[in-house]
Protein chains: 2
Amino acid sequence: MVILTPVSDATFDRSRCSVAGTLSVVGEKWSLLVLREAFLGVRRFGDLQQALGAPKAVLTDRLATLVREGVLTREPYRAEGERQRHEYRLTDKGRDLYPALVALMAWGDRWLADGPPPLALEHRDCGAAVRVALVCDDGHEVGGPREVRARAAEAGVPRA
Amino acid sequence: MVILTPVSDATFDRSRCSVAGTLSVVGEKWSLLVLREAFLGVRRFGDLQQALGAPKAVLTDRLATLVREGVLTREPYRAEGERQRHEYRLTDKGRDLYPALVALMAWGDRWLADGPPPLALEHRDCGAAVRVALVCDDGHEVGGPREVRARAAEAGVPRA
DNA sequence: GTGCGCGGTTCGGCAAGTGAACCCAGCATG
DNA sequence: CATGCTGGGTTCACTTGCCGAACCGCGCAC
């Protein structure tokens with residue numbers, strides 16, 4: 001029997017949904033917080049652990065999967081008088097998660113705040129506050145989901 | 001002992017971080033996928049279950065917490081010749097998660113695709129594609145994290 | 001060599017997620 | 001009325017994931 005949801009275009013192929021795909025990469029516990037730290041410039045295992053308070057084993061695992069997925073790279077470095085260690089840096093793929101992280105942060109700032117936002121983002125050039133906006137390619141600012149139509153790609157196309 | 005991370009402004013109060021706060025509301029497994037369906041107009045328990053394939057028990061729990069957090073409401077309805085049931089609808093607070101979801105989807109479209117994006121978003125008014133953009137309040141488009149400075153709020157202010 | 005600190009790995013216990021079975025209200029049917 | 005069916009859950013046994021503490025091993029300092 002065919003599903004007939006109240007909204008006609010809700011019948012797209014969920015198994016290929018990009019939200020689910022993204023979450024399979026960064027949706028585990030701590031992953032997005034690791035990336036938050038990465039965007040703040042934290043690169044070393046110990047610093048990450050201290051900043052996050054995550055169990056070492058979990059942190060090890062999350063870093064490994066993020067590296068495996070190409071979101072971070074693991075690069076050797078060597079500080080004065082210490083042995084070689086590794087640090088974790090964002091790749092382009094990882095840096096491209098910035099808008100998502102900013103959007104999540106903005107929501108928390110707005111709806112969960114019990115005071116001023118704990119972290120303010122400002123444009124390095126002009127000092128003005130940075131935020132995420134929904135825009136369309138004609139340059140309009142989009143107010144919200146009500147103004148958006150979701151269209152499913154043609155089904156039946158096999159996986160490449 | 002005070003933490004001294006290599007980056008000076010990385011020392012903000014993580015315990016109040018809005019990313020972590022947001023994730024504590026929508027970061028559990030399935031939560032964001034439930035919201036994806038909500039944005040597509042799916043409102044009924046059974047439809048959600050069928051669309052997601054999530055275990056009923058988990059779905060029940062996620063819906064309950066999303067309602068408790070004020071992201072969804074649970075409202076009675078009654079279809080012709082059926083008994084009363086409940087449906088789950090987005091609140092303003094929930095609708096405001098749209099940019100975050102779109103950002104996650106965009107990332108997946110870009111980096112995980114093995115074909116065209118399974119779901120295209122277009123501006124209802126003009127038909128142009130919808131995307132998330134990072135902008136500053138002076139109207140500039142922000143290229144990425146490199147152009148952003150994160151500034152921690154003054155510490156020491158107790159939790160209101 | 002011994003000690004020590006960093007970056008992990010291992011381990012036992014607990015919480016969360018999973019699928020299948022079960023339950024129950026209420027409409028439909030006979 | 002009894003009976004069955006259906007949607008929306010709950011319960012249960014099992015697996016997976018997360019947790020904190022203990023342990024390990026490399027390489028520098030002594």
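These numbers come from a predicted model, not from an experiment. Hydrogens, waters and symmetry mates play no part in the numbers below; they use all other heavy atoms, side chains included. Letters go in sequence order (proteins before strands), and every chain restarts at 1.
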Tell me: [atom1] of [X] to [atom2] of [N], nearest whole Å?
{"X": "A:Arg43", "N": "C:dC6", "atom1": "CZ", "atom2": "C1'", "value": "19 Å"}
{"X": "B:Gln49", "N": "D:dT6", "atom1": "CD", "atom2": "P", "value": "15 Å"}
{"X": "A:His86", "N": "C:dG8", "atom1": "NE2", "atom2": "P", "value": "7 Å"}
{"X": "A:Arg83", "N": "C:dG7", "atom1": "CZ", "atom2": "P", "value": "7 Å"}
{"X": "B:Leu23", "N": "D:dC18", "atom1": "CG", "atom2": "P", "value": "14 Å"}
{"X": "A:Arg85", "N": "C:dC4", "atom1": "CZ", "atom2": "C1'", "value": "11 Å"}
{"X": "B:Glu28", "N": "C:dA16", "atom1": "CD", "atom2": "P", "value": "8 Å"}
{"X": "B:Glu87", "N": "D:dG9", "atom1": "CD", "atom2": "P", "value": "12 Å"}

Pairwise 5' ranking along DNA chain D for A:Gln84 and B:Thr60, keeping only the more 5' one
B:Thr60
In residues 64-73 of chain A, which ones come under 4.0 Å of DNA chain D, going by heavy atoms?
none
Closest listed nucleotide, where the reference is the side chain of [X] and the choices are [options]:
{"X": "B:Tyr88", "options": "D:dG9, C:dT10, D:dG8", "answer": "D:dG9"}
{"X": "A:Pro55", "options": "C:dG7, D:dC19, C:dT10", "answer": "D:dC19"}
{"X": "B:Arg62", "options": "D:dC18, C:dG8, C:dG17", "answer": "C:dG17"}
{"X": "A:Phe45", "options": "C:dG17, C:dG7, D:dC19", "answer": "C:dG7"}
{"X": "A:Lys29", "options": "D:dC19, D:dG7, C:dG8", "answer": "D:dC19"}
{"X": "A:Val58", "options": "D:dC19, D:dG9, C:dG17", "answer": "D:dC19"}
{"X": "A:Lys56", "options": "D:dG9, C:dG8, C:dT18", "answer": "C:dG8"}

Residues forming a side-chain hydrogen bond (donor to acceptor under 3.5 Å, both in side chains) with A:Asp96, sequence neighbours excluded
B:Arg110, B:Trp111
Between B:Arg43 and B:Tyr88, is there a side-chain donor-acceptor contact under 3.5 Å, judged purely by atom types and distance?
no
Without hydrogens or angle criteria, can the side chains of B:Tyr77 and B:Arg44 be said to hold a donor-acceptor pair below 3.5 Å?
yes
Assign A:Ala54 to base, sugar-phosphate, or nothing according to its heavy-atom contacts below 4.0 angstrom with the strands shown.
nothing
OP1 or OP2 of D:dG17 versus the side-chain N and O atoms of A:Trp30: is any pair under 4.0 Å?
no
Below the 4.0 Å mark, does D:dG7 have OP1 or OP2 next to a side-chain nitrogen or oxygen of B:Tyr77?
no
Do the charged groups of A:Arg124 and A:Glu122 touch, with an N to O distance under 4.0 Å?
no
Would you call A:Arg89-A:Glu87 a salt bridge at under 4.0 Å N-O?
yes
Heavy atoms of A:Phe39 and A:Leu97 approach each other most closely as CZ-C, 4.2 Å
Between B:Thr22 and A:Leu112, the two heavy atoms sitting closest are N-CD1, 3.5 Å
Side chain B:Lys93, main chain B:Glu69, donor-acceptor under 3.5 Å:
yes
